[in-house]
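For the numbers below, each heavy atom of this structure counts, side chains included, while hydrogens, waters and symmetry mates do not.
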Amino acid sequence: MAEWQQPFTLAVSNRKGGSGKTTTAVNLAAEWSRQGHRVLLIDLDSQGHAAIGVGCRAARRAEEHVHQLLHQPELALMDVVQLTPIRNLCLAPANTDFCAQELPVSLLKQALNSEAVAVAFDRIVLDTPPTMDSLLISALVAAQGVLVPFVPHHLSAVGVRQLAKLFYKVATLHNPDLRLLGLLPIMLDRKLKLQQRVLADLGQQFGRERILRGIRNNIKLAEAFEAGEPIFSYAPRSSGAMDYGLMVEELEILF
């Protein structure tokens, strides 16, 4: 039995692309690191955008990216971890050439379950792919909590419900300790009736307490990503920085 305490692992997931998933994963990881936590951001999405968001280069060699662990279980996760320009934040980058395939869904959990990882990190953020494949399932098997960013319109609500079905399946078959921490509205404008309806429907289905305050539409978030910085350092007084800061406070209460 392991004597070390595993870092808290949070999967940021949605079955629909364009939901602010990577922006949320990057800014959550960066804020935790700013608070003094030792954070590892793992990019399971083969688009590889998390590296851009934290100002890192893409992995150049096969042995440098996290997807290689799924082909070579004998590799250690720490072998693919790299430093970022952000203090206390490390990255396990994606392989942008990775093609989804059927893989044992327990491999990522096994890679995280090591003394070296526990000694190096307090918290782990998983940026997951939107596709229904073994990578997404592996993330849910390895995580203790799930955060679901979504744009409040009909198709995004469908994506949330599709993810919820997968969530309950994984929790039943593989990971009974998995918790749905919250649904995070992105590009939020509470004056829009469409958004009001979607939020009301999801609140009725999942519980209003699971709908977080949300992230308002703010161009500074896109600019920060282009600059390779989290919003807290790029535009600390912006509404985007304020909203993500409040989101992190909400998550702390939900742990």
Side-chain angles (χ1 to χ4, degrees), residues 7-14 17-43 45 47-58 81-94 120-128 145-152 156 181-192 195 199 210-255:
F8 182 84
T9 301
L10 176 66
V12 182
S13 304
N14 194 316
S19 62
K21 178 177 55 62
T22 299
T23 299
T24 296
V26 164
N27 284 295
L28 170 60
E31 174 62 7
W32 273 347
S33 66
R34 190 173 73 91
Q35 293 178 356
H37 296 290
R38 299 167 301 157
V39 184
L40 174 61
L41 175 60
I42 298 180
D43 191 359
D45 190 337
Q47 294 180 97
H49 291 169
I52 299 171
V54 296
C56 288
R57 62 173 177 81
V81 169
Q82 62 179 245
L83 297 175
T84 75
I86 303 166
R87 185 177 182 183
N88 296 324
L89 178 59
C90 290
L91 171 72
F121 303 108
D122 306 311
R123 299 191 177 178
I124 297 173
V125 178
L126 306 176
D127 183 15
T128 67
V146 180
L147 175 65
V148 185
F150 69 100
V151 180
S156 291
L181 292 184
L183 308 179
L184 178 68
I186 299 291
M187 300 197 313
L188 180 63
D189 185 346
R190 293 188 181 273
K191 294 180 293 184
L192 297 179
Q195 293 198 7
L199 291 172
R210 295 194 187 277
I211 309 295
L212 304 185
R213 293 173 58 106
I215 311 298
R216 289 167 288 178
N217 200 10
N218 182 216
I219 190 60
K220 293 296 182 183
L221 289 166
E223 292 176 0
F225 220 94
E226 181 183 18
E229 294 183 46
I231 190 63
F232 306 104
S233 60
Y234 180 80
R237 296 185 179 181
S238 65
S239 63
M242 178 186 299
D243 290 347
Y244 272 114
L246 291 170
M247 180 208 72
V248 170
E249 291 181 6
E250 285 184 286
L251 286 180
E252 293 294 331
I253 296 172
L254 295 171
F255 280 1

Quiz item: Quick one: are Leu89 and Leu41 in side-chain contact, heavy atoms under 4.5 Å?
Solution: yes

Quiz prompt | Shortest non-hydrogen contact from Asn14 toward Ser19 | solution = CB-OG, 3.5 Å

Exercise. Check side-chain contact (heavy atoms from CB on, under 4.5 Å) between Ala227 and all other residues, then give those that pass, not counting sequence neighbours.
Key: Glu229, Tyr234

Quiz prompt | Sequence neighbours excluded - salt bridge (Lys or Arg N to Asp or Glu O under 4.0 Å) pairs with any residue from residues 245-255 | solution = Arg123-Glu252

Quiz item: Which pairs count as salt bridge (Lys or Arg N to Asp or Glu O under 4.0 Å) when at least one residue sits in residues 30-41, sequence neighbours excluded?
Solution: Glu31-Arg34, Arg38-Asp122

Self-check item: With Leu188 via side-chain contact (heavy atoms from CB on, under 4.5 Å) - residues at least two apart
Solution: Pro152, Pro185, Arg190, Gln195, Leu199

Self-check item: Heavy-atom side-chain contact between Asn27 and Pro230 under 4.5 Å
Solution: yes

Quiz item: Excluding sequence neighbours, so at least two apart, what forms side-chain hydrogen bond (donor to acceptor under 3.5 Å, both in side chains) with Asp127?
Solution: Lys21, Thr22

Practice problem: Kindly indicate whether the side chain of Ile42, heavy atoms from C-beta on, has any atom under 4.5 Å from the side chain of Thr9. | Solution: no

Quiz prompt | CD1 on Ile52 to CZ on Phe225, rounded to 0.5 Å | solution = 6.5 Å

Quiz prompt | Heavy-atom check, side chain of Leu28 versus side chain of Val248, under 4.5 Å | solution = yes

Exercise. Any salt bridge (Lys or Arg N to Asp or Glu O under 4.0 Å) involving residues 212-223? Give me the pairs, sequence neighbours left out, ordered by first then second residue.
Key: Arg216-Asp243, Lys220-Glu223

Quiz item: Who passes side-chain hydrogen bond (donor to acceptor under 3.5 Å, both in side chains) against Glu226, sequence neighbours left out?
Solution: none

Quiz item: Taking atom CG of Leu251 and atom CZ of Phe8, what is their separation to the nearest 0.5 Å?
Solution: 8.0 Å

Quiz item: Can you list the residues that meet the side-chain hydrogen bond (donor to acceptor under 3.5 Å, both in side chains) rule with Thr128, with sequence neighbours excluded?
Solution: Ser13

Quiz item: Does the side chain of Ile86 come within less than 4.5 Å of Phe232's, by heavy atoms?
Solution: no

Quiz item: Hey, what do you get for CG (Leu147) to CG (Leu181), rounding to the nearest 0.5 Å?
Solution: 7.0 Å

Quiz prompt | Sequence-distant partners of Thr84, side-chain hydrogen bond (donor to acceptor under 3.5 Å, both in side chains), two or more places apart | solution = none

